[in-house]
Protein chains: 4
Amino acid sequence: MLIVMKKDATQVEIDQVSQSVIDQGFEAHPMPGAQCTAICVLKNKGAVDANMFSNLPGVREVIRVTKPYKLASIETHPGPTVVEIRGEKIGGNNFTVMAGPCSVETEESMFRNADKLAGMGVKFFRAGAYKPRTGPYSFQGLGEEGLRILEKVRDRTGMGIVTEVMDVETLPLVAGSADILQVGTRNMSNTSLLKQLGKINKPVLLKRGMSASLEELLLAAEYILSGGNHNVMLCERGIRTFSNHSRNTLDVAAVPALRALTHLPIIVDPSHGVGIRDKVLPMARAGIAAGADGLMIEVHPNPADALSDGPQSLPFAPFSELMNQVGQIASVIGRTSGSSVQSI
Amino acid sequence: MLIVMKKDATQVEIDQVSQSVIDQGFEAHPMPGAQCTAICVLKNKGAVDANMFSNLPGVREVIRVTKPYKLASIETHPGPTVVEIRGEKIGGNNFTVMAGPCSVETEESMFRNADKLAGMGVKFFRAGAYKPRTGPYSFQGLGEEGLRILEKVRDRTGMGIVTEVMDVETLPLVAGSADILQVGTRNMSNTSLLKQLGKINKPVLLKRGMSASLEELLLAAEYILSGGNHNVMLCERGIRTFSNHSRNTLDVAAVPALRALTHLPIIVDPSHGVGIRDKVLPMARAGIAAGADGLMIEVHPNPADALSDGPQSLPFAPFSELMNQVGQIASVIGRTSGSSVQSI
Amino acid sequence: MLIVMKKDATQVEIDQVSQSVIDQGFEAHPMPGAQCTAICVLKNKGAVDANMFSNLPGVREVIRVTKPYKLASIETHPGPTVVEIRGEKIGGNNFTVMAGPCSVETEESMFRNADKLAGMGVKFFRAGAYKPRTGPYSFQGLGEEGLRILEKVRDRTGMGIVTEVMDVETLPLVAGSADILQVGTRNMSNTSLLKQLGKINKPVLLKRGMSASLEELLLAAEYILSGGNHNVMLCERGIRTFSNHSRNTLDVAAVPALRALTHLPIIVDPSHGVGIRDKVLPMARAGIAAGADGLMIEVHPNPADALSDGPQSLPFAPFSELMNQVGQIASVIGRTSGSSVQSI
Amino acid sequence: MLIVMKKDATQVEIDQVSQSVIDQGFEAHPMPGAQCTAICVLKNKGAVDANMFSNLPGVREVIRVTKPYKLASIETHPGPTVVEIRGEKIGGNNFTVMAGPCSVETEESMFRNADKLAGMGVKFFRAGAYKPRTGPYSFQGLGEEGLRILEKVRDRTGMGIVTEVMDVETLPLVAGSADILQVGTRNMSNTSLLKQLGKINKPVLLKRGMSASLEELLLAAEYILSGGNHNVMLCERGIRTFSNHSRNTLDVAAVPALRALTHLPIIVDPSHGVGIRDKVLPMARAGIAAGADGLMIEVHPNPADALSDGPQSLPFAPFSELMNQVGQIASVIGRTSGSSVQSI
């Protein structure tokens, strides 16, 4: 950590800051410069709280050099984390597609959808039994009944189940049915939920908050990792910007940026990222071209009948084209699907 | 609602959309224009889900005309909501200051702080017993012990207690101690928590999410209101933008904008809004000048010792100046403090 | 255009607005609804200025249905525009790479760079003779001397020259040397310059402003097109958002979004889009995967010696890998390079 | 400047970076830390270009400590700059209101407007003769004829004239008529224009770009200042963010933030900042409460007839109320109007 003093800081102020650093158990190295003096803080074992020094008289700025997360950092775990679920591998050199409708709907509709997706080689079926909706008057999901249907889908097709968990109360229930617990963008900073997820042994797909920096995303992952659950996957699903041509701005560059910071698998969700069906295919291609470990795609047999998110759901035909094109692009950059290459 | 058809939409497509509108129980009025045909949807009682139509063949865009929230809307409750707590009124023609440290610290420090604030005429003491922190290694609050200290502060000074509730599990505990339950920016979209808050009889201060639109904020309020709890106050605390000179961008214009949309009281939090002590006073003045019903200010006897958010906490002297200046500005625009005008 | 009246608008106000529409030579069709009355404006030939009505008493909102640009719109020119320069085609089914250093440097360095790029099949050499720099103390470009060097590069290698024009004064000079005139992000809204570009017969590469909506970008193009110059290409080069892991946020989804709105060719500039060398390759792949008609890439034989933008310039080896990978991805989605497929 | 090396940087890499620093004529002080080594660059006279070092092998990050602007900095000119125009002072302890319509319209309309404003004590009349419009089909201003009308307004009322200059070609013409040259938000980065403005002796009101950081705004000012023109005023007029309830997000906190960085006067433009008439008054109050040196307000006798920006223009009655309220708030924070206190 570097503490930059104001141009007109007095020697007394510089000495006080140095002493304050020493009082915390660190070493202080003042470096007088042409413009101002900076004090280098050494011997700190981990991240130091900048607030401890930024208030002291004469201090202009405190510059952090060490990352505030550890377990999520590539520096402490240089190789990629590979999450293994029902024999499928996510991360590393693999490439995974998770697909399904936004919400669990009728058993019949789910079976129809799942049978088709399984036939195209999809290994993970996504659908929400509990839905976080912006307003109280929107469909909130089938709840426990939805979980039962998802279990039947798994029994029937062999696909792993990805479904969202919204709160600590329903966590045991959802964890009992899901193979991957999805934390939605609205809950990325729900630290009470993150702490509980750290205590269970079930893979978590953590979606980036709409206005979260990558550091905040990695710190949210750190909540789970530090609890003991090491099977965390990150998901870029679009951020909120002024740009209004798509529902969110899919921050595709977050993929290589996260790759340089963390060992955790990175999934891209172009369906929520753009929110418009016509743009899902090109952005799915962009996500995999940028190096993502997988995609999460909303697919619905008849999007006009979807109970939620119809406008961004793909029918089967364009989804099949998507599987074909992203499979080819994956192979350009040397990736193979988590299990059955031929299926993509 | 208005359904705009594509320029090259066929008459068959137009007829299908019209029929689809009628099938939902509404009236459809096609309006052929020079550029394209638009279909006006009438007889809808409340908001209609745009998704039902935006997927149909030939549809270019669905334009919503009705607001999706009702109980929070000024249209259904034209006069201002005034929340009354321990004899103090928030909203209407009143002006309220809530002040205190970021986190509950030692009893001694809290008493010292609270005595001083009560002496300056502050009627609500704010401090967090449970703290939502970005990373797991930061101080997470004193928890239940902090609630006990806050109760003692109330007994000692008569000030109402504002403190954050982070999850459904601790809600009964926190609600037992607090006079106002604060929902933090990270939990604005935690709908599980919002639903529970709708079921209790305790005023809620709902902070705007970092990237929430005003409509989303009002829909979050609607979750609480529709549960039966009508004592909801909104809080602008800064949004996330590219502008990096302050911790967040305090969206001061949200105050008059919300005023035009809702009857709920509007509080401004300049401490989190800018995150830098030197800018709290001018932005507190700006907030009240823009028409806020109150301010929430972080005050600490010795900010350098604060366990969290020290850099944005005001010592007593500048806070006293703040009370003086905002009181004068409040009177310029015809507001009086919730109880004792002379104290501000 | 649709004029939505306030819920409590009087019949007199509704009549006044209708009359005002008629006075402008349009037809007015009032449509009374359950929540409010809307007045549909018909018979307008092009875009109508919303301001004319939004001020009238009782008006809540004016909703534009027609796009404000015409010549840039896909509705008036359904097929793709293909710009042909020195025998190379940009747009349509073609795929084009423009590459070179940020600034023109010494003749020797330019020759070394250009020879190599031409050898890799690059058909357009980019380099700035006039540089828009954020501050006055940064290197501002070689100016006219730089243009002479660029002409020699063209004579030597046969590559077309892409270089930035910064103002009306130097436009004749730059247009005399360049094959493609680049308008930088800082000048996208410099309407004086855009108007002059409309009067000359030279292809223009128009970069999106840092905070420009797609509509604003297309209106900037419309300035050039409406002057009579139809050879306009658009360039996505990153927008400004809160996301701070890259220099800008490359809005990859702008590619399919623009494709649905306009017939003009779309180029992606990942070098400025991310500003970090390691991310240029994955984002170049993402850009072409999303369907861009071409890429603009900063390449420098020795980035550490670059006079500007060194950190985002690629050395030859990774650029060669880029050419190889993007060529393969282009073929996945059925594109061929503008001239010589084999070279990519 | 501080050069932070990667965790795994070798001693050879550290030595090479140090040597590179020395080769540039600076001093290098390597500081080995627990996590990584940082190299402090000393003896640099001004800002050093980070690019020179950020490319070197083993370098993780280059952290700039010195600001890149000098003449605009409060460090080189601690007292406030006071611009004096026709006997009126802007900056320092003064408070100035500039008002008028968006565009120059008919002489009759301008006289009617100006007479009224002068009668209310306004000392500067604003109106655009040349208008930067987003699209080519909008009204582009009266041009030279508009300048003639503005001169007559000055002769008639004694008010100083503020009008926009859009390009170098019309600069002599506009400078011949104006008392203050306004640089619009779209031209903040038009460095060709800024350089010319540095060479003339006429006050400049420089508006912040829609997505400009404060550093970029100050560097734009530095272009003018470094040319020799020291009469520069800055203007906050709203930035572009996701928040869509107002036309732009007025970044009120930029006022105290700029105050801490620069000696130049700071004007707030709430009319463009919010773009909605009803919000102009509260945001004008917020701007002055935050400490602005003045306000720029759009006023029109009959906004519904305005040729541009009608929706954000105030009629006389609310403007009179604005003058009254902001005058009172100005006096709360110890400011007086630039000339005649009684008039406000």
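Scope of the values below: all heavy atoms of this structure, side chains included, with no hydrogens, waters or symmetry mates. Chain identifiers are assigned alphabetically (A, B, ...) following the order of the sequence lines, protein sequences preceding nucleic acid strands; residue numbering begins at 1 within each chain.
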In terms of heavy-atom proximity below 4.5 Å to chain A, should B:Thr191 be classed as side chain, backbone, both, or neither? side chain

Give the member of A:Lys195, A:Met166, A:Glu216 that has the highest number of heavy-atom pairs under 4.5 Å with chain B. A:Glu216

Just so I understand: if I count every heavy-atom pair under 4.5 Å between each of A:Phe242, A:Tyr137, A:Tyr223 and chain B, which residue has the most?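 Option with the top pair count is A:Tyr223.
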
Sort out for me which of B:Ser189, B:Ser211, B:Gly227 touches chain A most, counting heavy-atom pairs under 4.5 Å. B:Ser211

Give the member of B:Ile239, B:Asn187, B:Asp167, B:Leu219 that has the highest number of heavy-atom pairs under 4.5 Å with chain A.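 Of B:Ile239, B:Asn187, B:Asp167, B:Leu219, B:Leu219 has the most heavy-atom pairs under 4.5 Å with chain A.
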
Any donor and acceptor pair, going by atom type alone, linking the side chain of A:Lys131 with main-chain N or O of A:Cys102 inside 3.5 Å?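 Checking the backbone N and O of A:Cys102 against the side chain of A:Lys131, a donor-acceptor pair under 3.5 Å is found.
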
Does B:Gln312 use its side chain to pair, donor to acceptor, with the backbone of B:Val280 at less than 3.5 Å?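 A pair under 3.5 Å: no.
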
Less than 4.5 Å apart, side chain to side chain, heavy atoms only: is that true for A:Thr163 and A:Leu147? yes

Going by atom types only, do B:Arg237 and B:Ser271 share a side-chain donor-acceptor pair under 3.5 Å? no

Can a side-chain donor-acceptor contact be found between A:Asp15 and A:Gln19 if the only test is distance below 3.5 angstrom?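 Note: A:Gln19 and A:Asp15 side chains miss the donor-acceptor criterion.
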
